[in-house]
Student: 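Next up is a structure, given as structure tokens.
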Amino acid sequence: MVGPMKVLYVASEVAPYSKSGGLGDVAHALPRALSARGHEVRVVTPLYASARIPNAEDSGRSIRLRFPFGEQRAVLRVARSAPRHEVWFLDHPGFYGRSGIYGDASGEYGDNHRRFAFLAVGALAAAQAMHFAPDVVHLNDWQTGLAALALARGFRGTSLGEARSLFTIHNLAYQGLFPKAVMTDLGLPWDVFNEHGLEFYDQVNFMKAGLAFADALSTVSPTYAQEIQTEAYGCMLEGTLRARAHELHGILNGIDVHEWDPRADPHLPAPYDGDDLSGKAICKAELRHRLGLPQPEVLSDAPLFGVVTRLAAQKGISLLLAALPVLLDSGAEAVVLGSGDGWYEDALRALAAARPDRFRAFIGFDPALSHLVEGGSDFFLMPSLYEPCGLNQMYSLRYGTVPVVRATGGLEDTVRDADLPDGTGFKFSHFNPSGLLWAGGRALEWWWQRRDALDAMRRRGMRQDWSWESSAQAYERLYASLAD
Ligand code: ADP
Ligand code: GLC
């Protein structure tokens, strides 16, 4: 057991206040798990207009940062989540008081370089204003990358002078790329505008600030940690990552087992667990009812495939669009809950219009419905092109909803193929519709011909432990190794 440490955790989204994907979940649950283990954790995040903050207080403190484009000030608001776990919000309406987190219907916000430079450096200034001297500053994704540079350059000799930094990659494809004029706009030192620093094909790359200047790097599954060192998955940063391979750690995310618990989920019409799955049949009936699928005389025996996802190329939506009609023709039903790329939204709406008998598309972001899709589906599809970790397959395992996944990143690390002893799901390797159809076809075969074996597999998945405990311990050991 490592002695209590002080951790400053910086993230651009933190559930339940703000969330566009898994980062929000992680930035809530990991600090909570660490604080439960005795560490003092302060999470810094923007106060978005859309944020839900039940009991955030004005701390009476504020921060001021001087940039060439002007002095910027934010008030610090504090929500005390649990003992030793506080969330500090940077309240800067000019930057964050907008409808979206990163952008709106017309695209990414044009001043994101300023908004997230302010978050990154503002988090360090907030620690000073709150008299919190962290042992470790834990940064997440490109929005926080500049904090690693600031810590290495600007904060030596301050109360953060001894702090070590860890930069976690949640998704290497989003790098925070800006024209090089941003160097001047933000007053960044030109001597770091080179291939070993922030420069990336003559642009500024905020992710590279984290990769180059943090004391250690991590990503959210062991397999993704290996994959991103290859050309296929490295997003042209594989060389940078390979150069620091010995400092790059792959630590699998956990899930919030309180929020995602089929025995006590307020979004489900009936509880269930691995010993008694009868509640799951009620969830399926409720989901089918919500979807408005044709109600059969007796309980439907068609297998129901669920999907909850950002609609982005990463998630293999093109494979879904090609494979779903075939699975529907084979007797399955399916539902997709997702939002994102307009082209995918339209294509899913078109499929729903063409197959009202068996398919529904819910376009939008709806956490409550996502729980019902997990609870009410028989199988869960995740044909990702790449998947740093993925949370939904772990929610699915816990909800007895057998995952059908592409063997990449965290999906490879969390799902064991049905053909192996102790299998928990169906996996495929080749990123094409036939690959997905092969795995989906096996799922259907087990559904119609090997139902007992499928139920045994379902129960096996439900018994697995995906709580944050072991991941929090791995982070704790990594923090301790940095502080030594
Ligand atoms: P990513 O972060 O790449 O989107 P993850 O699987 O790590 O993928 O996390 C996605 C998170 O966002 C999960 O908690 C998932 O349930 C949630 N989510 C994604 N899309 C939606 C949606 N349309 N409605 C509700 N929740 C969603
Ligand atoms: C990213 C990844 C996802 C991961 C999440 C949380 O959004 O796409 O795979 O689970 O971050 O780490």
Side-chain angles (χ1 to χ4, degrees), residues 9 11-16 18-31 101-102 138-144 167-175 207 218-225 227-228 233 235 250-257 259-260 265 267 306-317 320 335-341 344-345 348 360-375 377 380-399 401 403 405-406 408-415 466 468 471 475:
Y9 190 94
S12 58
E13 44 187 281
V14 179
S18 59
K19 164 170 160 177
S20 77
L23 172 62
D25 291 321
V26 172
H28 163 71
L30 173 58
I101 297 179
Y102 308 115
H138 189 160
L139 306 168
N140 296 279
D141 273 354
W142 72 263
Q143 295 85 356
T144 64
F167 182 79
T168 297
I169 302 160
H170 294 264
N171 195 330
L172 192 63
Y174 300 86
Q175 299 177 1
M207 169 88 72
S218 75
T219 187
V220 288
S221 69
T223 293
Y224 193 61
E227 288 174 338
I228 54 179
Y233 291 88
C235 303
I251 303 176
L252 197 68
N253 288 330
I255 60 170
D256 184 332
V257 290
E259 197 200 329
W260 292 93
D265 185 332
H267 305 296
V307 179
V308 178
T309 187
R310 284 187 292 116
L311 296 175
Q314 170 193 352
K315 302 295 179 178
I317 310 302
L320 277 180
V335 54
V336 176
L337 166 62
S339 61
D341 190 321
Y344 290 135
E345 295 187 354
L348 286 165
R360 290 290 180 276
F362 275 92
I363 305 303
F365 195 89
D366 187 339
L369 184 58
S370 77
H371 283 248
L372 186 60
V373 172
E374 286 288 3
S377 302
F380 196 92
L381 298 172
M382 286 182 82
S384 304
L385 174 60
Y386 68 93
E387 196 61 77
C389 179
L391 300 174
N392 275 109
Q393 81 279 13
M394 292 189 267
Y395 303 153
S396 299
L397 287 165
R398 193 159 157 79
Y399 278 58
T401 304
V405 304
R406 178 157 178 269
T408 183
L411 301 174
E412 168 71 351
D413 293 337
T414 51
V415 178
W466 301 111
W468 269 98
S471 310
Y475 279 107

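Atoms within each ligand, like the ligands themselves, are counted from 1 in listed order. Numbers here simply count residues along the sequence, with the first being 1. Quick note: numbers below take in every heavy atom, side chains included, and nothing from hydrogens, waters or symmetry partners.
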Student: Considering only heavy atoms of Gly338, which atoms of ligand 1 have at least one such atom less than 4.0 Å away?
Tutor: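 Close to Gly338: 23 (N).
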Student: Mind checking whether Ser20 has an N or O less than 3.5 Å away from an N or O of ligand 1?
Tutor: no
Student: Considering only non-hydrogen protein atoms, determine which one is nearest to atom 10 (O) of ligand 2 and report residue, atom name and distance to 0.1 Å.
Tutor: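 Answer, as residue, atom name and distance: Gly390 N, 2.8 Å.
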Student: Heavy atoms only, cut-off 4.0 Å: how does Asn171 contact ligand 1, side chain, backbone, both, or neither?
Tutor: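 The answer is neither; Asn171 stays 4.0 Å or more away.
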Student: Please say whether Lys315 places an N or O atom under 3.5 Å from an N or O atom belonging to ligand 2.
Tutor: no
Student: When the ring planes of Tyr475 and His138 are compared, do they come out parallel, tilted or perpendicular, using 30° and 60° as the limits?
Tutor: tilted
Student: At what distance is the nearest protein heavy atom to atom 9 (O) of ligand 2, and which residue and atom is it?
Tutor: Glu387 OE2, 2.5 Å
Student: For atom 8 (O) of ligand 2, find the nearest protein heavy atom and state the residue, atom name and distance (0.1 Å precision).
Tutor: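 Nearest neighbour among protein heavy atoms for atom 8 (O) of ligand 2, to 0.1 Å: Gln314 NE2, 3.0 Å.
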Student: Distance to 0.1 Å, residue and atom name: give those for the protein heavy atom nearest to atom 4 (O) of ligand 1.
Tutor: Arg310 NE, 2.7 Å
Student: Report the nearest protein non-hydrogen atom to atom 12 (O) of ligand 2: residue, atom name, distance rounded to 0.1 Å.
Tutor: His170 ND1, 2.7 Å
Student: Hey, what's the ring geometry for His371 with His267, parallel, tilted or perpendicular (30° and 60° as the breaks)?
Tutor: tilted
Student: Does the distance from a Lys or Arg side-chain N to an Asp or Glu carboxylate O, for Glu412 and Arg406, drop under 4.0 Å?
Tutor: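 Here Glu412 does not pair with Arg406 in a salt bridge, since their nearest N and O are not under 4.0 Å apart.
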Student: Do any nitrogen or oxygen atoms of Gly22 lie less than 3.5 angstrom from nitrogen or oxygen atoms of ligand 1?
Tutor: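 Indeed, backbone or side chain, Gly22 has an N or O that close.
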Student: With a 4.0 Å cut-off on heavy atoms, is Gly390 touching ligand 1?
Tutor: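 It does; at least one heavy atom falls under 4.0 Å.
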Student: Report the part of Asp366 in contact with ligand 1, treating N, CA, C, O as backbone and CB onward as side chain, heavy atoms under 4.0 Å; options are side chain, backbone, both, neither.
Tutor: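 Asp366 to ligand 1: backbone contact only, side chain stays beyond 4.0 Å.
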Student: Please determine whether any non-hydrogen atom of Glu374 lies less than 4.0 Å from an atom of ligand 1.
Tutor: no
Student: Out of Trp260, Tyr395, Phe362, Phe365, whose heavy atom sits nearest atom 26 (N) of ligand 1?
Tutor: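 Comparing heavy atoms across Trp260, Tyr395, Phe362, Phe365, the nearest one to atom 26 (N) of ligand 1 lies in Phe365.
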Student: Just to be sure I'm reading this right: ignoring hydrogens, which of Lys19, His371, Gln393 gets closest to atom 17 (C) of ligand 1? Compare them by their nearest heavy atoms.
Tutor: Lys19
Student: Of the backbone atoms (N, CA, C, O) and the side-chain heavy atoms from C-beta on, which set of Leu23 has a member under 4.0 Å from an atom of ligand 2: side chain, backbone, both, or neither?
Tutor: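 Contact part for Leu23 vs ligand 2: backbone (N, CA, C, O).
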Student: Against Leu348, only a single residue in Val307, Leu320, Leu311, Leu337 fulfils side chain to side chain contact (heavy atoms under 4.5 Å, CB included); can you say which?
Tutor: Leu311
Student: Taking non-hydrogen atoms only, is Asp25 closer than 4.0 angstrom to ligand 2 via side chain, backbone, both or neither?
Tutor: neither
